[in-house]
Amino acid sequence: MVNSLSSGLRRIVVLGTGGTIAGRAASGADNIGYTAGEVGVADLLGGIEAPAGVALVAEQVAQLDSKDMAFDVWLQLARRCAFWLAEADVAGVVITHGTDTIEETAFFLQVVLAAGKPVVLTCAMRPASSLSPDGPQNLRDAIAVAATPAAHGVTVVCAGAIHGALDVQKVHTYRPDAFSSGDAGPVGYVEEGAVRRLRDWPQAGGASKIPEAKAGATVRWPRVEIVTSHAGASGALVDLLLQERASGVAEPVRGLVVAATGNGTVHHALEAAALRAQDAGVAVLRATRCADGRILPKPGDPLRDAGALTPVKARIALMLELMETAAA
Ligand code: SIN
């Protein structure tokens, strides 16, 4: 381990969580039949040269397929980021992550961390065992972003593009360039280790909002479900959730995100059920199913809207809001 304070080096800490970037298949030709989260983060850093003046530190936080991402991993990740970012000689944190939920983790970290230094998530669409893996270049690019002076906030780096945590979405099932920032466009690009920035870094955030447990307890995550509006939609799922809530289950639904059509419109049957839920004390938020754009609210809208947030990000925002309300 390099003692960077005495050596004058800045440290970049690389936290591993698994994903395809750490995936392994039986054959180098197989880019889909692999197991995610097999290769340790220290090994992923094996062939990567640190930028001048930088020492790399590896820490394994989790080792999973990100479809199985869990709240306790998010908490652990947020705490490790906060710990490392507070170290004077740490320039930034890089997180290796699966592509499937990277946008959710990035959004969560953007909201809860006061990231005055860069937190850069990266990933791969091909496993580490591939004949032509994309992970090493993505990791190298993420480290370059984390080493960039004055960078801050949470970003996702993939296929040479830097995406802000609020805007990034996975938009392709297979292509290495699988992410988009939609209307907002990327924050910038990484070209041969140099960052070419197009717009501001994501906000650095104010105070840390990492969820805390009450003494002797674990953090309680309010249950927020997503229901989708579509042709022929009904309110049946919402009514089942309300019945379950009324029956006194241990984790009753506390929030509902309606994945709405277009500019936040909701099938009349689902809207009626969502209003019944709202009347019963469930927090309801509409988020658009559209990949681009934001909901432009109209006077008299009976259900709150989540602006530009996708349904999965709106769900995280609503969970955190409900946690804050419960703590107040
Ligand atoms: C995962 O999300 O962990 C697997 C898929 C991927 O990383 O591309």
Side-chain angles (χ1 to χ4, degrees), residues 14-48 58-78 80-81 93-110 119-143 145-146 154-163 165 167-182 186 190 226 291 310-313 315-316:
V14 184
L15 304 177
T17 70
T20 296
I21 192 168
R24 216 169 0 216
S27 151
D30 187 353
N31 287 317
I32 54 171
Y34 57 87
T35 306
E38 292 263 292
V39 183
V41 65
D43 290 336
L44 295 182
L45 284 174
I48 309 254
E59 184 177 297
Q60 196 77 46
V61 172
Q63 189 61 296
L64 47 70
D65 186 321
S66 80
K67 73 180 174 56
D68 299 324
M69 183 50 69
F71 296 143
D72 58 335
V73 177
W74 274 359
L75 273 187
Q76 176 72 351
L77 207 45
R80 293 314 292 158
C81 286
V93 170
V94 168
I95 300 170
T96 57
H97 198 290
T99 60
D100 285 345
T101 59
I102 197 170
E103 68 209 59
E104 294 180 52
T105 301
F107 179 76
F108 170 71
L109 293 175
Q110 172 67 35
V119 174
V120 189
L121 290 91
T122 194
C123 53
M125 289 295 284
R126 295 177 180 159
S129 54
S130 172
L131 289 174
S132 165
D134 51 334
Q137 184 65 51
N138 287 344
L139 185 49
R140 184 172 180 269
D141 289 349
I143 291 167
V145 173
V154 181
T155 52
V156 171
V157 167
C158 185
I162 310 166
H163 301 279
D167 307 305
V168 67
Q169 273 191 78
K170 186 172 181 181
V171 293
H172 205 280
T173 54
Y174 184 70
R175 272 196 329 239
D177 189 3
F179 290 88
S180 167
S181 288
V190 190
I226 301 176
T310 58
V312 289
K313 289 182 183 175
R315 174 174 176 265
I316 297 166

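All ligand and atom numbering here is 1-based and tracks the order in the structure.
- Counting only N and O atoms by type, the side chains of Asn138 and Thr122 include no donor and acceptor under 3.5 Å apart.
- Close contacts of ligand 1 with Thr20, meaning ligand atoms under 4.0 Å from a residue heavy atom, involve 4 (C), 5 (C), 6 (C), 7 (O), 8 (O).
- Under 4.0 angstrom from ligand 1, there are no non-hydrogen atoms of Cys123.
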Verdict with reasoning, Val157 to Arg140, per side-chain contact (heavy atoms from CB on, under 4.5 Å): CA-CA 10 Å; Val157 167; Arg140 184 172 180 269; over 6 Å; no

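- Side-chain contact between Glu59 and Val41: absent, with no pair of heavy atoms (C-beta onward) separated by less than 4.5 Å.
- Ranking protein heavy atoms by distance to atom 8 (O) of ligand 1, first place goes to Thr99 OG1, 2.5 Å.
- Ligand 1 places these atoms under 4.0 Å from at least one heavy atom of Asp65: 1 (C), 2 (O), 3 (O), 4 (C).
- Looking at Asp141 and Gln137, their side chains do bring a donor and an acceptor atom within 3.5 Å of each other.
- Nearest protein heavy-atom neighbour of atom 2 (O) of ligand 1: Ser66 OG, 2.6 Å.
- Between the side chains of His97 and Thr17, no donor-acceptor pair of N or O atoms lies under 3.5 Å.
- Heavy atoms of Gly37 stay at 4.0 angstrom or farther from ligand 1.
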